[in-house]
There are 2 protein chains.
Amino acid sequence: MATHDPAGTSTAERVEQAALRLFALRGFEGTGIRSIADEAGITLGSLYHYIGTKEDLLDRLMQKSMRGLLDPGREIVEATESPRGRIVKLVELHVRRHAEDNLLSIVGDAEIRSLTPARRRKAVALRDAYEALWEEAISDGSRQGDFHVPDVKLATFALLEMCSGVAYWYSSNGRLSLDAITKAFVEMTLSLLGVEPLASKPDAGPGGRLRRGAHP
Amino acid sequence: MATHDPAGTSTAERVEQAALRLFALRGFEGTGIRSIADEAGITLGSLYHYIGTKEDLLDRLMQKSMRGLLDPGREIVEATESPRGRIVKLVELHVRRHAEDNLLSIVGDAEIRSLTPARRRKAVALRDAYEALWEEAISDGSRQGDFHVPDVKLATFALLEMCSGVAYWYSSNGRLSLDAITKAFVEMTLSLLGVEPLASKPDAGPGGRLRRGAHP
DNA sequence: CTATAGCGATCGATCGACCGATAGATGGAC
DNA sequence: GTCCATCTATCGGTCGATCGATCGCTATAG
């Protein structure tokens with residue numbers, strides 16, 4: 001029975017959400033399968049109708065987390081020419097996902113080490129492919145003279161880490177809206193990259209590049 | 001016996017180092033006490049001559065990690081007047097420690113959740129006190145018109161997270177020296193904070209603020 | 001319309017392995 | 001002789017995982 005319950009959540013989905021919450025809160029090793037079953041509202045024996053092993057469950061969440069960044073990230077890169085446009089959209093994607101799907105992002109970022117070698121290798125490959133999108137955008141922007149950073153690789157790591165942190169403190173009823181947070185991270189990113197302010201509409205003043213991001 | 005062995009490392013120190021390595025690599029919950037004893041070169045029974053419980057061991061490392069940031073951080077704040085000088089020295093401290101003591105930093109940053117409530121509260125208080133040093137410097141700098149950020153709290157989190165990431169990839173025989181890395185992170189920090197380039201000696205050109213940090 | 005065979009979902013009970021922690025015996029240093 | 005360090009052996013509990021039985025639903029044969 002129960003293809004779906006009154007609330008519209010199937011047991012399989014409840015299992016996945018339960019595991020996600022617990023893995024994000026206590027970590028993979030710190031979470032027992034009995035806790036997962038409890039959180040999902042079923043017994044231990046029933047849990048194993050939905051999962052292969054505990055690690056299968058983690059692996060599925062991991063893939064979901066990484067695919068949710070890599071696939072849209074690739075679309076952005078294909079669709080956007082300028083390095084500046086690319087990095088802006090990559091930051092927006094990264095921050096939004098780390099806020100809206102913060103639990104999945106935490107698990108994706110922190111639990112790679114809990115995978116056994118074969119699966120860990122695949123997860124690392126996905127992560128590396130995603131990071132390469134950022135590095136390429138920053139590298140291109142630097143070569144074109146649009147970005148000015150002390151080192152491309154360091155800037156890549158710095159920006160990725162900075163944007164990932166959102167997952168650990170974001171709350172949907174916090175002081176700032178997600179839009180405001182995203183906008184702020186885009187501004188900080190462009191500032192870190194040493195981008196001249198967009199010469200679109202504003203009166204940039206004679207010297208240019210003044211007080212970007214100040215909130216008077 | 002063995003107040004110290006030929007290599008100058010006491011058993012107590014070997015135990016602590018073993019736990020540190022394993023906690024950083026596999027996490028607190030993912031590390032068994034038998035692994036710690038093995039890594040320290042003693043048996044399980046002997047291990048308990050040096051530790052109270054497994055959590056005592058984590059707590060000691062935790063305190064060490066946080067004190068190593070908070071105490072020097074407070075000295076910096078007391079000794080340095082300008083927000084800019086403070087943030088530069090805080091970044092240097094944070095990056096150096098996260099590189100040189102990367103394992104301790106990883107444990108300190110990631111394993112707060114593994115502490116039981118009473119100890120966790122104390123650890124969180126230390127972390128908050130440390131973060132407050134950063135926030136105050138950034139806040140002061142913004143109020144004085146020296147920094148220009150979209151939001152003080154967001155900039156604080158962004159910078160702390162960005163600098164903490166160093167612990168996960170730093171290697172003493174990597175491409176860049178620790179000095180170079182530290183210098184780059186200071187530059188990226190000042191850029192993110194929207195600091196005008198230091199008006200000390202250089203020919204800043206008519207427009208000022210050009211290509212800071214570029215390595216031509 | 002009814003009887004029943006099949007099937008997916010769930011259950012309680014249990015497996016061997018490993019967990020953190022303790023006890024008691026042994027040995028060497030001073 | 002005392003004391004600290006270390007050992008071996010073992011404790012009760014929890015871990016991840018599996019088992020066979022049962023439940024309720026559905027499809028179909030008569």
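Here is the naming used below: chain letters follow the sequence lines, and residue numbers restart at 1 for every chain. Keep in mind that this is a model prediction, so the values were computed, not measured. For the numbers below, each heavy atom of this structure counts, side chains included, while hydrogens, waters and symmetry mates do not.
- The interatomic distance linking E55(B) (CD) with dC19(C) (P) rounds to 18 Å, in whole Å.
- Rounded to a whole Å, the CG atom of L57(B) is 10 Å from the P atom of dA21(C).
- Across the protein-nucleic acid pair, D38(A) atom CG and dT14(D) atom C1' stand 14 Å apart, rounded to whole Å.
- Atom P of nucleotide dC11(C) and atom CG of L44(A) are separated by 10 Å, given to the nearest angstrom.
- Rounded to an integer number of Å, the gap from CD of E29(A) to C1' of dG20(C) is 16 Å.
- As judged by a 4.0 angstrom heavy-atom cut-off over every strand, S35(A) is placed among residues making no nucleic acid contact.
- R34(A) has its CZ atom 14 Å from the P atom of dG13(D), to the nearest Å.
- Regarding L47(B), its CG atom lies at a distance of 16 Å from the P atom of dA23(C), rounded to whole Å.
- In this structure, of dT10(D), dG16(D), dC7(D), it is dG16(D) that holds the atom nearest to the side chain of Y48(A).
- Listed candidates were dG12(C), dG20(C), dC7(D). Nearest to the side chain of K54(B) is dG20(C).
- Each of I112(A), D71(A), D109(A) was scored for a side chain to side chain contact (heavy atoms under 4.5 Å, CB included) with M66(A), with one residue passing: I112(A).
- Residue-level contact check: I42(B) touches the backbone only, with heavy atoms under 4.0 Å from sugar-phosphate atoms and none from bases.
- Among the heavy atoms of the strands lying under 4.0 Å from G32(A) are primed sugar atoms or P, OP1, OP2 only; no base atom is included.
- In this structure, of dA5(D), dG16(D), dA21(C), it is dA5(D) that holds the atom nearest to the side chain of Y50(B).
- With H98(B) as the partner, the side chain to side chain contact (heavy atoms under 4.5 Å, CB included) test is satisfied by one option alone out of E100(B), H94(B), R96(B): H94(B).
- Nearest approach of L115(A) to L58(A), heavy atoms of both residues: CD2-CD2, 3.9 Å.
- In this structure, the nucleotide among dC19(C), dC7(D), dG16(D) sitting nearest to the side chain of I33(A) is dG16(D).
- Side-chain nitrogen and oxygen atoms of S46(A) include none within less than 4.0 Å of the OP1 or OP2 phosphate oxygen of dA9(C).
- In this structure the side chain of I138(B) reaches within 4.5 angstrom of the side chain of I87(B), judged on heavy atoms.
- Between the P atom of dG20(C) and the CG atom of L58(B) lies a distance of 13 Å, rounded to the nearest Å.
- Applying the salt bridge (Lys or Arg N to Asp or Glu O under 4.0 Å) test between D59(A) and each of R120(A), R119(A), K54(A) identifies R119(A) as the sole match.
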